[in-house]
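Quick notes on the structure that follows.
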Amino acid sequence: MTVPYSKIGRWVAELLLVFVGVYGAFWLNSYQQHQQDAKRRDQILASLEQQLRESIESGKIAGAKEDRQAAEFRRALDAGETPPLHPFTFTTDYNPGDIATLLQSGGIELLGVKTLMALRGVESVIRWGLSRMADYKQFSNELIVPNLDQDISFFYDPATKKLRKRFEMYPEALQATANFAHDLERTQTELLKRIQVERHP
């Protein structure tokens, strides 16, 4: 029994119609997903860009202040003076969970590899810096704060006008605080450039 050519033609047409329909639906779904991903990616990048701009600006001010304090203390010390020691009052609103949440909510799939590497570079500087600041704050809380009412000879050897051994790390702590601000500004600026390239290629 032979099948009429008209029936074969109709089957082929129906098959093509089904294929085109399935392919069209798949393409439309893929296009919509791509649009959603692009929108989400731009939202993440825009949010990061805004936060970085604000952080870099405030970091420049903080870094300049820390530089002045470290330089003035060192100048006075080198001149044979006995400048007073002040408590460390380093504060931060940094929360490592913020970046983790951003990455888990799609950032790790949507952001470029170079941007992710720059982001991790900033995170590394922050973690290392905060670890150092915690050590200096502990040093301050244990040795400086409880003795602020002491005579200056408690902190310095009157004969040499040098810091006593237990306070020798104070100038280093001042400079390290300034260096932390500069390192953070540098890595944040690199990340900001990467984000701008990714947003506006």
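Computed from a predicted structure; not experimentally measured.
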**Study point:** Closest approach of Pro171 to Arg74 (non-hydrogen atoms, all atoms of both residues)
**Key:** CB-NH2, 3.3 Å
Check your understanding: Side-chain contact, heavy-atom cut-off 4.5 Å: Glu66 with His182?
Key -> no
Review point. Could you state the interatomic distance from NZ (Lys39) to CD1 (Ile44), rounded to the nearest 0.5 Å?
Key: 13.0 Å
Check your understanding: Does Phe180 have its ring centroid less than 6.0 Å away from the ring centroid of Tyr136?
Key -> no
Point to revise | Glu198/Lys114 salt bridge by N-O under 4.0 Å criterion | key: no
Point to revise | Contact check, side chains of Gln175 and Asp67, non-hydrogen atoms, under 4.5 Å | key: yes
Revision key, fill the gap. Nearest heavy-atom approach of Leu45 to Ile195 is O-CG2, 3.6 Å
**Study point:** Minimum heavy-atom distance Phe155-Asn147, with the two atoms named
**Key:** CZ-O, 3.4 Å
Exercise for review: May I ask you to decide if Arg127's main-chain N or O and Ser131's side chain share a donor-acceptor pair within less than 3.5 Å?
Suggested key: no
Review point. If we only count heavy atoms from C-beta on, is the Lys60 to Ile56 side-chain gap below 4.5 Å?
Key: yes
Exercise for review: List the steps and the verdict of salt bridge (charged side-chain N to carboxylate O under 4.0 Å, His left out) for Glu168 and Lys162.
Suggested key: CA-CA 9 Å; Glu168 284 179 350; Lys162 301 289 186 185; over 6 Å; no
Review point. Are any of the side-chain nitrogens in Glu49 or Arg199 under 4.0 Å away from the carboxylate oxygens of its partner?
Key: yes
Check your understanding: Is it the case that one hydrophobic cluster holds both Met169 and Leu148, taking links as side-chain heavy atoms less than 4.5 Å apart, direct or via other members?
Key -> yes
Review point. Shortest non-hydrogen contact from Arg194 to Ala118?
Key: CG-CB, 4.0 Å
Check your understanding: Counting N and O atoms only, with roles assigned by atom type, does the side chain of Tyr170 sit under 3.5 Å from a partner on the main chain of His86, one being a donor and the other an acceptor?
Key -> yes
**Study point:** Arg132/Glu172 ion pair, N-O < 4.0 Å
**Key:** yes
Point to revise | Minimum-distance pair of heavy atoms, taken over all atoms of Gly59 and Ala181 | key: O-CB, 4.4 Å
Practice item. For the residue pair Glu57 and Arg53, establish whether any side-chain heavy-atom pair is separated by less than 4.5 Å. Key: no
Review point. Going by atom types alone, do Gln188 and Ser55 pair a side-chain donor with an acceptor below 3.5 Å?
Key: yes
Exercise for review: Write down the atom of Phe73, the atom of Pro84, and the distance for their closest heavy-atom approach.
Suggested key: CE1-O, 3.7 Å
Practice item. Could you grab the distance from atom CD of Gln196 to atom CG of Leu52, nearest 0.5 Å is fine? Key: 9.0 Å
Exercise for review: For the pair Glu123 and Arg120, find out whether any cationic side-chain nitrogen is under 4.0 Å from an anionic carboxylate oxygen.
Suggested key: no
**Study point:** Intermediate values then yes/no, side-chain contact (heavy atoms from CB on, under 4.5 Å), Asn141 and Phe88
**Key:** CA-CA 8 Å; Asn141 290 343; Phe88 280 91; over 6 Å; no
Review point. Is the Phe167 to Tyr156 ring centre distance short of 6.0 Å?
Key: no
Check your understanding: Would Phe154 and Leu77 show up in the same hydrophobic cluster when neighbours are defined by side-chain heavy atoms closer than 4.5 Å?
Key -> yes
Practice item. Give, for atom CD of Glu81 and atom CD1 of Ile152, the distance between the pair rounded to the nearest 0.5 Å. Key: 11.0 Å
**Study point:** Polar side chain donor-acceptor pair, Gln51 to Ser47, under 3.5 angstrom
**Key:** yes
Check your understanding: Linking I/L/V/M/F/W/Y whenever their side-chain heavy atoms sit closer than 4.5 Å, directly or via other members, would Leu174 and Trp128 fall into one cluster?
Key -> no
Review point. Would Met117 and Val197 show up in the same hydrophobic cluster when neighbours are defined by side-chain heavy atoms closer than 4.5 Å?
Key: no
**Study point:** N-O pairing of Arg186 and Glu190 below 4.0 Å
**Key:** yes
